Each structure stands twice: as C-alpha cells, then as structure tokens.
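Below is one structure, written out as structure tokens; comments come after it.
Quantities reported herein were computed from a predicted structural model and do not represent experimental measurements.
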Amino acid sequence: MAHFSILDEPWIPVLKADGTQAEVSLRDTLLRPTLYRRIDAGHPLHTAALYRLHLAILHRALAGPADAKGAAEWYLHGFPADRVEAYLSRYAGRFDLFGPQPFMQMAGLNPAEVGENFRSHWTRLSTEEGSPNTTALFNVEARPGGDRSDTLTPAQAARQLLAHQSFALGGLIKRFTTSARAAPVATAALFLAEGSDLQQTLALNLTPYTPSMQAKDLPVWEQPPLSVADIQRIYAGKEPLARPAEGYASRYGWPSRSVLLLPEETPEGVRVRSIGFGAGVPLAGAGEGSGSNTDPMVTLRPSRDDKSEPYPYKLSRDRLLWRDLTALLPDPAAAVTEGKKGKVKTKPGRAPEVLLHAAEVMELAHAQAQLSLSGRPSQDEAEDWDAPLPDAHARHPVIPVQVFGQLTDQGKAFAMRQESYTLPQAFIENPDKFRNYVRQSLDDATTVGEALRRSVFVMAQELLSKGGDRSPDRADITKLADQIPATPTYWQSLETPFRAYLLELDRDPVQATRRWHAALRRSALRGWNVAEEAAGLNAAGLRAVQKSQGLLLKALGTLLGEEGGQSDPN
C-alpha cells in the first residue's frame with residue numbers, strides 16, 4: 001500500500017534562512033520554524049492554504065494563545081516543542097495521505113466501489129489546470145495539445161488537495177448533489193502578517209483562541225472520518241444539512257469537497273492520476289463567519305445600507321489592493337446609519353483580525369526586546385539597527401503583509417494573485433492614526449484621478465463635436481474616452497510612490513505627504529501626456545486639449561496650494 005506521511009515527508013516549499021529553496025516536512029516547519037524565512041509555494045492559493053494548516057495545528061496543539069501577550073512570548077522565545085510533538089504523535093495516523101483514514105479525504109470514495117461517475121482526473125482539484133470553474137485561459141484541455149495523461153507526485157497532490165478544500169468555487173458537481181457550495185474563502189482576499197522568519201510569522205497570525213472555542217472547534221483530523229453515508233444524509237432532503245464551523249481550526253481546514261486520492265505505482269514511484277470526487281460538507285452561514293467566530297484572515301467592508309451585512313473584501317481585476325488599503329482598517333464611523341424613528345444602526349466593517357493582532361503582538365514584543373538591549377550598536381550594526389525591519393528587535397519594526405486570493409467572474413476563476421505591502425511602525429503604534437493618513441492620501445489620489453478622467457471625457461467630447469459643428473452622443477464620448485489610457489497610466493505609476501509614502505510616515509508624515517502630492521502631480525501629467533498624444537497635434541486636437549485641461553490643472557493647483565498649510569490630518 002502506498003504511504004506518504006505529510007508529517008515526515010518533504011512537501012512544503014519553503015525559503016530557508018540562507019536564501020535557498022527547499023521542500024521540507026510539516027514536522028520540520030512546526031518544530032524548527034526559525035530555520036525558514038517563509039512558506040513559499042510559488043502559487044498564491046497553495047501558500048495561503050499551507051499557512052492556514054499550520055495555524056490550525058498550532059491552535060489545537062497549544063490550546064491558544066489566550067491573548068496577544070501569550071503570542072508575543074511565542075514570537076520571542078518559540079513554541080513549546082513538546083506540546084506540538086505530542087499533538088502530532090497523537091494524530092499521526094490522520095496525516096497519512098494514503099492511509100486508512102487519509103488526510104482531508106474520504107476513505108470510502110473509491111470509484112470502483114461507489115461508482116465510476118465519482119472518478120475524476122486530478123486536475124479537478126486545480127484552479128488553473130482543468131477545474132470546471134476555470135476559464136479557457138487556464139484550462140489545460142481547452143488549449144491545443146492539452147490532455148489529462150499527466151500525474152502528480154504525492155507532494156504535489158497534497159498541496160492541490162489542501163488548496164482545493166479552501167478555494168473550491170461553487171457550481172454544478174452532480175456527485176451527491178447537483179450543485180455544491182463554494183469553499184469558505186473561495187473568493188475572499190486573505191491577509192497574512194509576516195515576521196523575519198516562520199516562527200515570527202506564525203506567532204503574529206495566531207489570534208486569541210478562547211477556551212469556549214477550543215472545546216467545540218475540532219478540525220477534520222480530530223473528528224470521526226466522514227463516510228459516503230454521512231455525505232448522502234447531508235444531501236438527502238430538499239436542502240443540504242449545513243454544519244457550522246465552531247472555530248478557527250475547523251474553518252481553516254474545512255472539508256468543502258469529498259476527495260480520495262488514488263495512488264498508482266509507476267516506474268518513477270507513487271503517482272496520482274485519478275481521484276474520487278464529490279460534494280463535501282456545506283458550511284452553515286457566511287463563508288467568512290459572523291459574530292466572534294469570523295475568519296481572522298478576512299477583512300469585512302462596511303455594509304452599504306442598513307439592511308445589508310458587512311461583506312468580505314475581494315481582490316479586483318481592475319485595481320491593486322493599495323488603492324483600497326483602508327480595507328485593512330475599516331472606519332466604524334463610516335458604517336453608522338440613521339434607522340427608523342431616529343434609531344441609530346451600526347454595521348461596521350472589520351479589519352483582518354490577524355493584522356490587528358499582529359500589531360499588538362509586535363508592540364508587546366518590541367517593548368520586551370528593547371528592554372533586553374543595552375547601549376548603542378557597533379558601527380557594523382548601525383545600519384541594521386536604524387533600518388525598518390520585520391522584527392520586534394529592530395529599532396523601527398514594520399509588518400510586511402501578504403495578500404492572497406483568486407479573481408472570479410460569474411463563478412469562473414480567471415486569475416490568482418499574491419500582493420505584498422509593508423505597514424510601518426505608525427501602524428503598529430497607532431492603527432487609527434495610520435488609517436487617517438492612508439485615507440487622506442488615497443482621497444487625494446482619487447480627487448486627482450477623477451479630475452484627469454473628467455478632463456479626458458471633455459477632450460473626447462471636443463474631438464467628436466468637431467469644434468461645435470455637431471452634438472455627439474454621450475455613449476460615443478464615453479467609448480472614445482475609455483480608449484485613451486490616461487487614467488490607467490496615472491494609477492499604474494503610483495504604486496511605487498505609495499509604498500515609499502507608507503514607509504516615510506514613520507520619519508516625517510508632513511514630508512511624506514508633500515512627496516506623495518508631488519508624485520500625484522507627476523503621474524497625472526504623465527497620464528495627461530498620453531491623452532494629448534491621443535488627441536493629435538492638428539488644430540482640432542490642440543483645441544480639444546486647450547479646452548479640457550483646465551479641470552486637471554485646477555485639481556492639481558488646489559492640491560499643491562494646500563502644501564503651505566499642510567498639517568497632521570489627525
């Protein structure tokens with residue numbers, strides 16, 4: 001019988017402390033996390049799913065942390081290895097990929113026994129290589145020469161399985177039920193705070209785990225194995241019998257699909273070509289959770305009206321996260337609405353709990369680390385001492401943030417993305433003040449961007465009117481304006497200046513704002529140059545430019561005119 005223990009076999013891609021890449025076992029990453037900088041699968045969904053597995057195991061093994069203070073102790077001094085080892089030994093049999101109780105699978109879902117209609121190729125688990133929820137851009141079979149004759153190594157199969165359970169999209173499945181629900185975080189953006197090594201990263205993201213949650217929050221490897229009969233009972237009635245996630249650990253490893261990997265012995269070793277596949281356990285309630293039991297890696301945006309609930313932030317096709325960075329810290333005041341009879345209703349958004357927790361952990365750890373330091377650094381150490389680093393021992397610590405997610409449209413995945421941002425010490429020390437700075441800077445960028453867009457629209461109108469000889473249709477004006485990439489040019493050139501702005505907030509917020517405004521002016525004029533080129537150098541083009549540039553120049557003048565009186569937005 002094939003055997004592959006994910007506790008002891010190498011399958012987790014990591015970046016080691018020396019900068020080299022390797023695949024190591026789960027036991028290695030959990031018991032010796034300081035040897036590795038980070039988990040790095042080279043695939044956003046796989047990386048995110050692997051982090052969630054680590055967090056689920058540590059929550060259960062350590063029954064905590066009780067609070068940020070406990071997490072700060074782990075951040076500085078490491079996890080209790082004996083407790084982690086004892087937990088892994090207790091459930092070792094449930095971490096075998098092909099054993100009698102296979103990891104994250106259903107042992108009884110062998111197509112030879114339950115019906116060949118349950119058999120699928122392994123690509124059913126892959127977002128980009130053959131899932132029914134994959135667009136033709138990614139789908140292997142939709143491309144010339146595409147086929148399903150390839151196989152996976154056990155390590156590859158383990159990563160595909162884990163990611164699919166977290167990110168499977170809903171839709172037709174016709175196995176146990178007609179249509180299966182999406183996995184809990186299928187379309188949500190997931191946030192992760194990073195430290196200087198894997199130990200710090202895990203400690204930063206281990207949010208408080210209460211005793212009441214611990215008592216009921218059993219991940220699948222602590223529960224009796226699911227059977228085919230169990231899933232059939234779930235879907236026997238008109239509505240599926242959904243189950244709630246009782247806490248973080250069960251939410252991080254939810255069995256969204258019933259899967260059985262079918263190993264084959266080949267000259268190259270054990271490989272996986274086929275799988276048993278069907279609907280899994282539907283999650284009760286919203287995928288991101290509610291109340292005190294929400295997914296800590298998800299941010300909720302404030303509801304748009306008093307009837308709607310806050311909704312998860314999703315990565316966008318048209319804009320990178322930095323333009324929505326206030327999603328990290330939703331402003332509760334923005335969600336206060338006036339209800340009937342003057343009653344105030346509040347439906348605030350919620351920042352990713354992992355980031356708020358990470359800021360608190362970093363602040364506590366930084367205070368302890370600074371107490372242990374004496375004297376000034378040597379000349380050789382001075383540069384590192386003053387540099388902002390993702391380590392509480394640094395004089396100016398920062399928190400790098402990784403953002404993971406897949407981009408979908410009408411139930412189809414067309415891209416996946418991983419973005420990285422560095423939140424400065426200002427975020428750690430005063431999240432509210434940091435939010436105000438970021439909100440003002442993005443408001444300024446939006447004001448200039450809107451002025452540029454309107455100027456391009458007026459220019460398109462002038463071009464089509466041919467000097468006032470005709471009245472063009474608004475749809476034609478919009479179509480022409482959309483073909484001029486002035487606004488995309490503006491936004492695309494602002495990402496790097498915005499990152500610089502964030503880091504400079506620690507040193508001099510006023511100077512950081514001045515430089516940001518200068519970047520807005522440069523980027524706006526760069527975008528306007530694109531519009532001028534599109535208009536042409538003939539008389540009609542020059543006339544259109546002359547009549548339309550006033551809106552942009554006025555916005556820039558207003559922005560720069562405020563520089564002399566620039567003050568702290570708080």
Side-chain angles (χ1 to χ4, degrees), residues 45 48-65 87 91 94 103-106 161-170 176-177 180-192 202 205-227 230-231 233-235 239-259 278-300 309-314 350-354 356-357 404-406:
L45 307 188
L50 285 166
Y51 272 118
R52 288 166 75 85
L53 173 64
H54 282 72
L55 295 173
I57 292 174
L58 288 173
H59 274 310
R60 298 301 295 169
L62 304 177
Y87 182 85
Y91 294 103
R94 300 296 297 273
F103 174 70
M104 296 290 289
Q105 300 167 70
M106 181 186 293
L161 169 68
L162 192 64
H164 191 72
Q165 297 288 25
S166 289
F167 296 101
L169 294 171
F176 294 124
T177 185
R181 294 184 185 178
V185 290
T187 60
L190 300 182
F191 295 81
L192 181 89
L202 294 174
N205 292 276
L206 282 169
T207 52
Y209 194 55
T210 63
S212 59
M213 183 179 289
Q214 296 169 27
K216 300 181 292 183
D217 183 34
L218 302 181
V220 289
W221 53 85
E222 290 189 37
Q223 298 180 34
L226 285 167
S227 68
D230 291 332
I231 303 298
R233 280 192 291 271
I234 287 175
Y235 294 101
E239 294 293 331
L241 301 176
R243 299 182 184 179
E246 301 290 356
Y248 303 150
S250 56
R251 189 174 295 280
Y252 284 160
W254 191 259
S256 305
R257 297 292 182 268
S258 300
V259 180
V281 179
L283 179 67
E288 68 278 3
S290 60
S292 61
N293 184 8
T294 54
D295 195 303
M297 298 176 76
V298 174
T299 186
L300 298 179
E309 296 299 322
Y311 59 96
Y313 178 80
K314 302 177 182 180
R350 183 183 65 86
E353 189 177 348
V354 291
L356 298 182
H357 174 71
F404 310 90
Q406 59 184 337

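Thr207 meets the side chain to side chain contact (heavy atoms under 4.5 Å, CB included) test with His59, Tyr248, Pro296, Glu353, Val354, His357; sequence neighbours excluded. Looking at residues two or more places apart in sequence or on another chain, you find no side chain to side chain donor-acceptor pair (under 3.5 Å) involving Asn205. Residues satisfying the side chain to side chain contact (heavy atoms under 4.5 Å, CB included) test with Leu62, not counting sequence neighbours, are Leu58, Trp74, Phe79, Pro80, Arg83, Val84. With sequence neighbours left out, the side chain to side chain contact (heavy atoms under 4.5 Å, CB included) criterion links Glu222 to Arg60, Tyr87, Tyr91, Leu218, Pro219. Residues that satisfy the side chain to side chain contact (heavy atoms under 4.5 Å, CB included) test with Ser290, not counting sequence neighbours, are absent from this structure. For Tyr51, there are no ring pair (Phe, Tyr, Trp, His ring centres under 6.0 Å) partners, not counting sequence neighbours. Scanning for side chain to side chain donor-acceptor pair (under 3.5 Å) contacts around Asp217 gives Tyr209, Ser250, with sequence neighbours left out.
With Arg94 contributing its side chain and Gln223 its backbone, the two residues share a donor-acceptor pair below 3.5 Å. Listed for the Thr210 side chain is a donor-acceptor partner under 3.5 Å among the backbone atoms of Met213.
Between atom CD of residue Glu288 and atom CE of residue Met297 there is a gap of 14.5 Å, rounded to the nearest 0.5 Å.
With contacts defined as side-chain heavy-atom distances shorter than 4.5 Å, the pair Asp295/Tyr252 qualifies. Counting only heavy atoms from C-beta outward, the side chains of Tyr311 and Leu300 never approach each other to under 4.5 Å. Contact of the Arg350 side chain with the Leu356 side chain is not registered, since no non-hydrogen atoms from C-beta on lie closer than 4.5 Å. Side-chain atoms of Gln165 and Ser256, non-hydrogen and from C-beta on, do get closer than 4.5 Å to each other. Counting heavy atoms from C-beta on, the side chains of Met104 and Val259 never come closer than 4.5 Å. Between Arg233 and Leu241, every side-chain heavy-atom pair lies at or beyond the 4.5 Å cut-off. Here the side chains of Pro282 and Ile234 are in contact, with some heavy-atom distance below 4.5 Å. Proximity of Met106 to Asp230: side-chain heavy atoms (C-beta onward) are nowhere separated by under 4.5 Å.
Among pairs with a residue in residues 241-256, those fulfilling salt bridge (Lys or Arg N to Asp or Glu O under 4.0 Å) read Lys216-Glu246, at least two apart in sequence or across chains.
The two atoms that bring Gly289 and Thr294 nearest to each other are C-CG2, 3.7 Å, heavy atoms only. What you find for Leu45 and Ala163 is that their closest heavy atoms are O-CB, 4.0 Å. Of all non-hydrogen atoms in Gly280 and Tyr235, the two that sit nearest each other are O-OH, 2.6 Å. The two residues Ala188 and Pro312 have their closest heavy-atom pair at CB-CB, 4.2 Å. Listed here is the closest heavy atom pair of Gln214 and Ala63: NE2-O, 3.1 Å. Closest heavy-atom contact between Phe103 and Leu161: O-CD2, 3.4 Å.
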